[in-house]
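In what follows, every heavy atom counts, from backbone to side chain, and hydrogens, waters and symmetry copies are set aside. A note on names: the letters A, B, ... follow the listed sequences, proteins ahead of strands, and every chain is numbered from 1.
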2 protein chains.
Amino acid sequence: MTIDTLNADTPAAARPLPVLNACCVPTSTMGDDDAVSLAGMFKALADPARVKILSMLLNADEVCACDVSDGIGKTAATTSHHLKLLRDAGLVTGDRRGTWVYYRVVPERLAAIRDALALTR
Amino acid sequence: MTIDTLNADTPAAARPLPVLNACCVPTSTMGDDDAVSLAGMFKALADPARVKILSMLLNADEVCACDVSDGIGKTAATTSHHLKLLRDAGLVTGDRRGTWVYYRVVPERLAAIRDALALTR
DNA sequence: ACCTTGTTTCGACGTTCATCTAAGCACTGA
DNA sequence: TCAGTGCTTAGATGAACGTCGAAACAAGGT
């Protein structure tokens with residue numbers, strides 16, 4: 001009869017350590033800053049319109065803002081708003097060339113999201 | 001003097017087709033359903049608390065709900081709310097074993113997000 | 001200088017969200 | 001059967017969000 005049998009029904013994470021309360025060994029938690037930063041990127045993608053925009057940009061390597069408006073079926077004002085959110089999150093960049101503004105993805109930022117979602121075990 | 005020179009400053013996506021208005025060839029757009037579905041998963045991750053939860057689950061393969069509460073520093077009620085959103089999005093599953101509920105990630109869903117963010121060119 | 005067209009900003013409106021407290025449900029052990 | 005503990009649901013509240021029309025700004029062409 002050991003501690004193991006006493007704690008037989010405790011969570012897996014808690015089992016290695018003999019603690020009084022059954023359920024309180026904290027799993028290593030991500031830092032606040034990282035969590036906020038990642039959540040910010042996810043928030044930037046948390047709307048169908050912006051997902052569509054990203055999809056357009058992933059398929060075309062460069063897209064004019066006016067095409068984005070048509071592609072997502074939203075007002076120019078609304079489209080500009082969404083593009084700003086994506087820009088602020090660092091997921092896309094836009095540069096003006098004459099009358100038009102051209103947008104492209106920022107591959108490194110997308111890679112950062114992909115990495116964060118990778119299984120570590 | 002051809003159409004090409006006339007449209008020399010049109011967006012790249014528009015160039016192949018000789019159209020009257022300079023800027024209106026729609027890039028292939030993702031379907032509404034896919035966009036909504038993907039945005040739903042991103043929305044589920046669009047909060048630091050839920051990012052932390054996912055991080056815990058990615059590192060531990062199974063975590064008790066009570067550990068989640070401690071890990072993210074939120075009320076049990078708030079934690080349960082966040083876990084429900086993650087469950088509804090299909091990103092995690094939880095099963096009750098006796099008193100406690102154990103959560104784990106759903107790798108296929110995370111893979112779906114990763115795939116959606118992959119560059120196609 | 002003007003007018004036209006593409007883009008962004010502003011202000012407003014209704015909706016959704018994160019959080020808490022309090023109450024309910026699920027399970028265990030005495 | 002009852003008390004205690006973990007988890008979820010309900011209701012309320014203040015903040016953030018998506019959308020649009022209107023106005024402002026930027027560039028180009030006449």
remark   = Against the side chain of Ala65(A), the closest entry in dG6(C), dT7(C), dC7(D) is dT7(C)
task = Decide, yes or no, whether a salt bridge links Asp32(A) with Lys52(B) under the criterion of side-chain N to carboxylate O below 4.0 Å.
result = yes
ask   = Who are the side-chain contact (heavy atoms from CB on, under 4.5 Å) partners of Ala89(A), not counting sequence neighbours?
value = Ala44(A), Leu91(A)
inquiry  = For Ala76(B), is there any backbone N or O sitting under 3.5 Å from a side-chain donor or acceptor partner on Ser80(B)?
reply    = no
remark   = Residues at least two apart in sequence or cross-chain that pass side-chain contact (heavy atoms from CB on, under 4.5 Å) with Ser37(A), listed by chain then number, are Met41(A)
ask   = Does Ala39(A) have any side-chain contact (heavy atoms from CB on, under 4.5 Å) partners at least two apart in sequence or in another chain, and if so, which?
value = Pro48(B), Val51(B)
request  = In whole angstrom, give the distance that lies between atom CG of Asp95(B) and atom P of dA26(C).
outcome  = 17 Å
message = Test of understanding: with side chain to side chain donor-acceptor pair (under 3.5 Å), list the residues that count as partners of His82(B), not counting sequence neighbours.
response = Arg50(B)
note = So, with a heavy-atom separation below 4.0 Å from DNA chain C, the residues of residues 34-45 of chain A are none
inquiry  = If we check side chain to side chain contact (heavy atoms under 4.5 Å, CB included) with Val63(A), which of these qualifies: Val105(A), Ile53(A), Leu57(A)?
reply    = Leu57(A)
key: DNA chain C contacts among residues 72-91 of chain B, heavy-atom distance under 4.0 Å   = Lys74(B), Thr75(B), Ala77(B), Thr78(B), His81(B), His82(B), Leu85(B)
query = Can you check the Asp47(B) CG to dA16(D) P distance for me, whole Å?
reply = 13 Å
note = Atom CZ of Arg97(B) and atom P of dG6(D) are separated, to the nearest Å, by 17 Å
Phosphate contact (dG18(D) OP1 or OP2) by Arg50(A) side-chain N/O below 4.0 Å = yes
query = Just by modelled atom types, is the Met30(B) backbone N or O under 3.5 Å from a matching donor or acceptor in the Asp34(B) side chain?
reply = no
request  = Can you tell me the distance, in whole Å, between the CH2 atom of Trp100(B) and the C1' atom of dC27(C)?
outcome  = 11 Å
